[in-house]
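Every chain is numbered from 1, with letters handed out A, B, ... down the list of sequences.
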Protein chains: 4
Amino acid sequence: MNPPPSPSPAALGDATDEPAERSGRGGVRGGRKQDRSRDADILDATLEVLADVGFAGLTMDLVAQTAHAGKATLYRRWPSKSELIIDAVGHLKRTQVDVEHLPDTGTLRSDLLALFKEQSPDEAEQRIRAVAGVMSLISHDRSFGDAAHSVLVEPWADAHYILMKRAVDRGEIPADADIHSVCQVAPTMAAYRALVQRKPFDLKFLLSMIDGVILPALADS
Amino acid sequence: MNPPPSPSPAALGDATDEPAERSGRGGVRGGRKQDRSRDADILDATLEVLADVGFAGLTMDLVAQTAHAGKATLYRRWPSKSELIIDAVGHLKRTQVDVEHLPDTGTLRSDLLALFKEQSPDEAEQRIRAVAGVMSLISHDRSFGDAAHSVLVEPWADAHYILMKRAVDRGEIPADADIHSVCQVAPTMAAYRALVQRKPFDLKFLLSMIDGVILPALADS
Amino acid sequence: MNPPPSPSPAALGDATDEPAERSGRGGVRGGRKQDRSRDADILDATLEVLADVGFAGLTMDLVAQTAHAGKATLYRRWPSKSELIIDAVGHLKRTQVDVEHLPDTGTLRSDLLALFKEQSPDEAEQRIRAVAGVMSLISHDRSFGDAAHSVLVEPWADAHYILMKRAVDRGEIPADADIHSVCQVAPTMAAYRALVQRKPFDLKFLLSMIDGVILPALADS
Amino acid sequence: MNPPPSPSPAALGDATDEPAERSGRGGVRGGRKQDRSRDADILDATLEVLADVGFAGLTMDLVAQTAHAGKATLYRRWPSKSELIIDAVGHLKRTQVDVEHLPDTGTLRSDLLALFKEQSPDEAEQRIRAVAGVMSLISHDRSFGDAAHSVLVEPWADAHYILMKRAVDRGEIPADADIHSVCQVAPTMAAYRALVQRKPFDLKFLLSMIDGVILPALADS
DNA sequence: GCCTAACCGAGACGGTACGTCCGGTCTTTTT
DNA sequence: AAAAAGACCGGACGTACCGTCTCGGTTAGGC
């Protein structure tokens with residue numbers, strides 16, 4: 001549903017795709033290759049530091065030290081602290097919803113509830129705190145919003161979409177329901193709650209969404 | 001529905017509540033009074049700088065210079081940069097929704113559309129840009145989220161609530177609909193769009209909300 | 001004999017001698033004064049650090065920390081590390097030869113020897129090590145050579161000059177001797193030994209100078 | 001008088017003196033030989049860079065680039081930047097004084113003047129600038145002082161010694177004069193002038209030395 | 001002629017210091 | 001005592017450079 005949002009420092013790779021364009025005399029162009037395995041180390045270190053000391057306490061020196069890297073290595077890959085953090089947040093996405101093993105209880109309502117209960121509160125908390133801690137970056141870099149969205153909302157909207165599609169397939173809800181719009185509601189409002197209001201996405205709120213908005217919106221007219 | 005969100009520089013008031021504690025002889029307490037007219041100048045300067053260089057480029061020195069004030073004058077009124085900016089955002093005129101003169105066209109759908117078309121796109125844009133520009137503060141100061149919420153979402157949720165209540169009253173929608181939950185949907189998702197995704201809250205999106213979520217959710221079951 | 005070689009950060013003081021030249025509206029021009037007492041603190045800290053860790057180990061952060069100052073305070077006064085160190089070396093000069101109390105033994109030879117023995121070997125060693133440790137700066141800044149010269153050679157040349165003048169006055173050496181040239185010999189060669197060859201300025205070398213060069217050059221022709 | 005100052009890259013030789021310690025089976029030791037012709041290229045490049053940007057602006061990357069060499073090639077030959085520069089200075093052609101063809105005009109005074117006028121001002125200037133430019137190294141490496149001394153002072157002191165010995169031989173000056181000490185005076189003070197004070201070693205100064213110090217010191221007592 | 005090891009240019013790497021900038025406090029002078 | 005101006009401390013930023021290590025490729029030897 002959402003294409004992989006080109007995550008990482010691409011500029012360098014692109015530039016070296018074209019060898020021997022220096023001068024007419026043959027293009028010697030050697031040199032040690034950039035060790036791309038450092039990328040992941042650095043991004044992991046960034047997330048670790050973020051979790052440890054928060055955004056306010058994150059410094060490039062600390063990241064470099066944690067990743068056992070030189071600052072120059074960081075700046076060779078990312079032009080600024082902001083870009084590094086944005087990439088690191090984009091790196092979070094892998095740990096998310098397992099679309100292959102969604103709950104299948106027979107009714108949409110219990111499916112949605114099961115999906116909510118399935119996730120580890122700790123992991124969710126950590127993910128939200130990481131993203132919330134760096135909301136600062138929204139004003140620095142437009143693309144941060146996309147990264148945050150793709151981490152916090154899209155996977156859940158996808159999951160909701162699948163659950164609703166199944167409900168349509170088994171005739172639980174009418175085929176003409178706008179499940180594309182409805183599947184966005186709970187994940188988006190949960191993210192807003194977490195990021196802006198800093199209130200937990202708890203069961204009470206989820207129930208008000210499911211029983212007050214989602215299921216009524218999908219019911220037979 | 002929402003209490004007036006305590007808007008202003010509180011630190012000072014607290015400090016000056018207790019004068020004359022210097023010597024025992026009865027309150028020597030003299031000296032020049034704080035010139036409260038500077039408050040507005042400084043807040044205006046803050047907003048001006050925010051508009052000019054954005055949050056990332058905003059410095060206290062720059063605000064002081066723009067307001068033709070000394071830095072000490074700023075810190076005498078606000079304890080930190082964050083608090084100043086939060087106050088400045090709270091200073092944005094809250095004249096968004098005139099609850100006394102909401103549209104009344106006969107159907108909920110056209111009421112909602114009329115409410116949307118009523119607002120000046122320019123003012124809305126400015127308000128959103130100002131708030132979005134300082135989303136940074138969310139990670140610094142918890143209360144900023146509340147300020148943003150009360151500026152961007154609450155007035156609209158209130159308006160939606162009133163319109164839906166009217167629809168209930170005239171029998172257009174069933175009395176047992178959870179209008180309290182539904183009235184949050186469009187304003188919240190619009191704010192999320194504006195703040196996180198930085199996409200405009202346009203008619204197309206509004207229609208998908210109204211026709212895909214809100215009206216179905218409020219229809220007879 | 002040698003005029004005080006304008007030692008210190010003068011640029012600022014000069015600039016602020018002329019008030020009210022900002023704009024036509026009156027020249028408000030307030031602001032905290034630069035605390036000149038920090039100058040000496042910082043120079044002392046610089047010399048202390050130099051003595052402790054040597055030139056190679058001297059960093060601006062360390063100087064700032066030792067002086068309990070911010071780095072900005074250092075850079076407000078000196079434009080670079082080199083300039084600071086040069087000034088610090090120029091600051092050494094006060095501890096030197098006491099021209100008022102030169103030895104007076106009756107003969108030039110024993111006067112010169114007494115002058116040599118008078119000085120504390122420790123202080124001399126410290127002074128030489130400080131200067132030698134920062135000879136690096138010679139290639140950075142031309143004026144460093146002057147500072148080193150005025151610290152290491154001029155006071156001694158002055159002293160030698162006075163001793164030789166006395167010898168002329170009492171008829172020990174002829175009046176037409178070029179004491180102005182000869183008084184430079186021992187101090188200059190001692191400095192060269194100390195700075196370039198890193199050999200001590202010991203008694204053996206002094207005697208070879210006095211008996212091999214200075215006294216013969218001043219003897220009756 | 002002065003032994004040839006061991007000029008060159010020793011580290012390599014030492015390293016290759018002990019081959020075949022890898023495995024027990026008898027010294028597999030093959031491989032390409034070090035291309036010693038690069039040595040001179042690199043030293044020349046070092047001197048070129050020194051002349052261009054001075055010691056302060058000299059970086060190993062710049063030398064490598066100028067010599068069209070890799071940095072590893074530099075460090076394979078010299079263990080540090082200092083050592084490279086010292087070697088480069090030692091590489092300066094030592095063809096200053098032709099001991100076989102010293103002037104012989106009949107008097108010591110005109111011999112000394114002739115020796116001074118003989119040298120090309122340009123070459124002398126270049127040599128002094130090169131050495132002065134790297135005086136920095138004195139604080140890093142003790143042996144640099146010896147290198148500078150042997151380039152700038154010793155050849156001239158040797159020459160002066162020979163001229164004075166001749167003057168003794170032909171009876172111009174007494175045999176008991178300490179010509180060993182006196183022959184050091186002018187060369188040393190000239191070097192000090194050039195290195196520390198950065199003043200030229202001009203005729204005026206030379207005359208003050210010859211007529212004010214050297215000749216009086218060597219005159220009959 | 002082929003294999004192997006050390007060489008070579010190029011440049012990424014870890015580490016450290018530089019000089020700049022900014023937040024929040026304190027000082028000087030004026031009102 | 002509050003105001004404007006700006007110096008002050010502390011600490012992070014992004015850059016530059018040293019000395020090491022890695023890359024792909026080249027050049028001697030020994031077989």
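For F:dC17, neither phosphate oxygen OP1 nor OP2 lies less than 4.0 angstrom from any side-chain nitrogen or oxygen of D:K81. Using a 4.0 Å cut-off, some side-chain N or O of A:T73 falls inside it from OP1 or OP2 of E:dG14. Under 4.0 angstrom from either OP1 or OP2 of F:dC8 there lies at least one side-chain N or O belonging to C:R77. Residue A:R76 places at least one side-chain N or O closer than 4.0 Å to OP1 or OP2 of E:dC13. Within the structure, every side-chain polar atom (N or O) of A:H68 is placed at least 4.0 Å from both OP1 and OP2 of E:dC13.
Nearest-nucleotide assignment on DNA chain E puts the 5′-proximal partner with D:A64, out of D:A64 and A:G70. Each of C:A67 and B:A69 lies near DNA chain F, and the nucleotide nearest B:A69 is the one positioned closer to the 5' end.
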Close N or O pairs between protein and nucleotides 24-27 of chain F (under 3.5 Å):
residue : atom : partner : partner atom : Å
F:dT26  : O2   : D:R32   : NH1          : 2.9
F:dT27  : O4'  : D:R32   : NH1          : 3.4

List the atom pairs, with distances to 0.1 Å, where a side-chain N or O of residues 50-63 of chain D and a protein N or O form a donor-acceptor pair under 3.5 Å, not counting sequence neighbours.
residue : atom : partner : partner atom : Å
D:T59   : OG1  : D:L62   : N            : 3.0

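Counting to the nearest Å, the P atom of F:dG19 and the CG atom of D:L58 are 11 Å from each other. Counting to the nearest Å, the C1' atom of E:dA5 and the CD atom of D:Q34 are 14 Å from each other. Atom CG in B:L62 sits roughly 17 Å away from atom C1' in E:dG24 (whole-Å rounding). E:dA17 atom C1' lies 12 Å from atom CZ of C:F55, rounded to whole Å. Straight-line distance from the CD1 atom of A:I42 to the C1' atom of E:dG14: 11 Å, rounded to whole Å. We find that CD of C:Q65 is positioned 12 Å from P of E:dA17, with the value rounded to whole Å. For the pair C:E83 CD and E:dG19 C1', the interatomic distance rounds to 14 Å; values are reported in whole Å. For A:D35 and E:dG11, the CG to C1' distance is 14 Å, given to the nearest whole Å.
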Show the numbers, then the answer: is there a side chain to side chain contact (heavy atoms under 4.5 Å, CB included) between A:R76 and A:T73?
-> CA-CA 5 Å; A:R76 217 174 279 122; A:T73 302; 3.7 Å; yes
Chi angles and distances behind the side chain to side chain contact (heavy atoms under 4.5 Å, CB included) call for A:T46, A:W78 = CA-CA 12 Å; A:T46 306; A:W78 294 275; over 6 Å; no
Residue pair A:E83, A:K81: steps toward the side chain to side chain contact (heavy atoms under 4.5 Å, CB included) verdict = CA-CA 6 Å; A:E83 308 258 351; A:K81 177 176 160 177; over 6 Å; no
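No engagement by C:L74 is indicated, since no non-hydrogen atom pair under 4.0 Å with the nucleic acid exists. D:K71 comes within 4.0 angstrom of a base, heavy atoms only.
Applying the side chain to side chain contact (heavy atoms under 4.5 Å, CB included) rule to C:A64 yields the partners C:K71, C:L74; only residues at least two apart in sequence or on another chain are considered. Shown here are the salt bridge (Lys or Arg N to Asp or Glu O under 4.0 Å) partners of A:D35, two or more places apart in sequence or in another chain: there are none. D:D44 is linked by a side-chain hydrogen bond (donor to acceptor under 3.5 Å, both in side chains) to nothing, counting only residues two or more places apart in sequence or in another chain. Here B:A67 pairs with B:I42, B:A45, B:A69 under the side chain to side chain contact (heavy atoms under 4.5 Å, CB included) rule; sequence neighbours left out.
Of the residues in residues 44-51 of chain B, not one comes within less than 4.0 Å of DNA chain F through any heavy atom.
Side-chain atoms of A:T59 lie closest to F:dA12 of the nucleotides E:dG23, F:dG19, F:dA12. The side chain of D:Y75 approaches F:dC18 more closely than any other nucleotide in the set F:dC18, E:dG24, E:dA12. The side chain of A:R38 sits closest to E:dC13 out of E:dA10, F:dA5, E:dC13. Candidate nucleotides F:dC13, E:dC7, E:dC26 were compared by shortest atom distance to the side chain of A:D61, and F:dC13 ranks first. Here F:dG14 is the nucleotide among E:dA17, E:dA10, F:dG14 with the atom lying nearest to any side-chain atom of A:M60.
For the salt bridge (Lys or Arg N to Asp or Glu O under 4.0 Å) criterion with C:R77, the lone passing option out of C:D39, C:D41, C:D87 is C:D39.
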